[in-house]
Undergrad: 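Okay, handing you the structure first.
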Amino acid sequence: MRIPALVLAAALTATLPLSASAAESGFRVVTTGLDGPYEITLGPDGFICTTEKSGLRVLRIDPKTGEKHVAATIPDAVHTSQDGVLGMALRLPHVFLAYTYDSDPGPALERRTKIVRFTSVDGQLREPVDVIAGLPGGTDHQSARLVLGPDSKLYYTIGDQGANQFSQMCQPIEAQRLPVAADDRSAYLGKVLRLNLDGSIPADNPVLNGVRSHVYTYGHRNAQGLVFGPTGILYSSEQGPKTDDEVNVIMRGKNYGWPHVAGYRDDKAYVYGNWSAAPDCADLDYSDLVIPPSVPQTTESSWQPGFVPPIRTFHTVPSSYDFTDEKCAEDEQWYICWPTVAPASLDYARGSLLMPALKDGTVHRLRLSHDGTRVTSAEPLFRTVNRYRDTAVSPDGKTVYVATDSVGRTRDADGKPTDALANPGSILEFKLGS
Ligand SMILES: [Ca+2]
Ligand SMILES: [Ca+2]
Ligand SMILES: [Ca+2]
């Protein structure tokens with residue numbers, strides 16, 4: 001089924017132009033009925049391999065027919081919201097999966113994350129071997145993007161677990177806390193990890209605060225996107241708070257600033273309100289808009305350690321910005337209207353980064369400078385009412401597959417919150433122009 005460009009055009013928001021070849025050729029719906037696709041990857045056989053976050057499975061999909069084959073069900077995986085069967089990296093015959101499991105042998109549910117290596121035999125994933133277990137796990141800000149580097153190391157993102165907000169407002173953010181021993185996995189929140197394929201600590205990982213561990217970089221909030229460019233530069237995309245989703249160049253041993261800095265150290269529309277340090281934290285009502293007097297606040301510029309600023313933000317706004325857009329007033333779904341777009345992944349194609357987003361119904365194309373260190377322009381490739389989760393790119397860079405969330409909230413054609421998704425739980429195909 002091909003959705004004509006006119007239908008896409010009708011779904012446009014008035015403020016952003018329809019652009020690029022996706023709109024000219026329309027989408028082809030490859031398959032539907034997926035249960036929370038999180039990572040889609042093209043295998044060397046041309047099939048799309050996908051994890052199902054909530055379906056707790058791995059599927060192989062024929063991109064021509066959309067036919068699905070179950071490659072594995074993961075019986076010990078658990079799912080409530082942002083947890084489940086998440087990241088995946090292929091190096092056939094091996095398939096590496098990251099998923100949430102229950103580490104408590106009794107009736108309690110103690111969420112942790114593990115990375116498991118399977119061996120693919122006739123399209124089935126067999127012989128699971130734990131690469132690493134006991135990593136932090138929860139239901140918010142899991143990040144959980146897994147990639148294999150050109151150096152044959154595994155890179156894995158772990159978010160701040162949603163600390164310091166909503167029901168976890170009294171949990172401190174630990175993105176700046178570094179391990180005090182090599183096996184101190186409790187300090188792996190808000191980090192990018194680098195592991196040998198057997199889960200051991202690479203001998204050339206950075207020594208941070210006197211300790212060499214799996215921690216490669218720190219100071220991250222929710223880095224759901226991670227990809228290597230063709231010259232070996234590692235990029236991340238990260239979800240910001242009310243402002244300043246980030247695209248970063250990830251460099252060994254560096255600090256990326258969270259929670260002291262969102263985006264650039266510019267004191268624009270962000271201060272770090274540390275709810276967990278309020279003496280009366282348990283008695284407070286959490287608010288995204290107002291920080292109560294008992295919650296300590298620090299400005300970005302008052303935090304002086306060195307950190308690596310992003311190469312692009314979505315979007316930085318002045319402190320006078322009104323975060324209560326009328327379009328999102330009903331049920332106070334303000335976050336849908338905020339200047340953040342909620343990047344869900346990151347991929348590389350044709351001199352660009354492709355960044356699918358959950359809130360503004362598009363895949364953003366970020367053109368890179370020749371040396372890959374700067375973003376020279378960014379444009380949305382189309383607008384539909386979907387939450388775009390992850391992409392997979394054909395070897396020639398021209399065909400892009402994009403997976404959509406099965407459920408969740410995004411902006412409708414008028415920019416208002418909706419959970420009526422146009423293509424829930426699907427994989428769509430579009431062509432990328434030069
Ligand atoms: Ca992918
Ligand atoms: Ca940052
Ligand atoms: Ca800032």
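All ligand and atom numbering here is 1-based and tracks the order in the structure.
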Undergrad: Can you give the angle E300 OE1 - the Ca ion (ligand 3) - Y264 O, rounded to 10°?
TA: 80°
Undergrad: Do T139 side-chain atoms and D83 backbone N/O form a donor-acceptor pair below 3.5 Å?
TA: no
Undergrad: Please check if atom NZ in K398 has more than 12 non-hydrogen atoms from other residues, nucleotides or ligands closer than 6.0 Å.
TA: no
Undergrad: So for atom NZ, which belongs to K254, do other residues, nucleotides or ligands contribute more than 12 heavy atoms lying within a distance under 6.0 Å?
TA: no
Undergrad: Is N248 close enough to the Ca ion (ligand 2) that one of its N, O or S atoms comes in under 3.0 Å?
TA: no
Undergrad: If only atom types and distance count, is the side chain of R185 paired as donor or acceptor with the main-chain N or O of A133 below 3.5 Å?
TA: yes
Undergrad: Check E39 and report its N/O/S atom nearest to the Ca ion (ligand 1), by atom name.
TA: OE2
Undergrad: Looking at the Ca ion (ligand 3), which N/O/S atom of D266 is the nearest one?
TA: OD1
Undergrad: If we ignore hydrogens and angles and just use 3.5 Å, is the side chain of D62 paired with the main-chain N or O of E67 as donor and acceptor?
TA: no
Undergrad: Where the Ca ion (ligand 1) is the centre, what is the O-to-O angle for T391 and I40, rounded to 10°?
TA: 90°
Undergrad: Distance check below 3.0 Å: does D390 bring an N, O or S atom to the Ca ion (ligand 1)?
TA: yes
Undergrad: Taking the side chain as every heavy atom from C-beta outward, state whether Q239 and P343 have any pair of such atoms under 4.5 Å apart.
TA: yes
Undergrad: Do any N/O/S atoms of E246 come under 3.0 Å of the Ca ion (ligand 2)?
TA: yes
Undergrad: Got an N, O or S from V261 under 3.0 Å of the Ca ion (ligand 3)?
TA: no
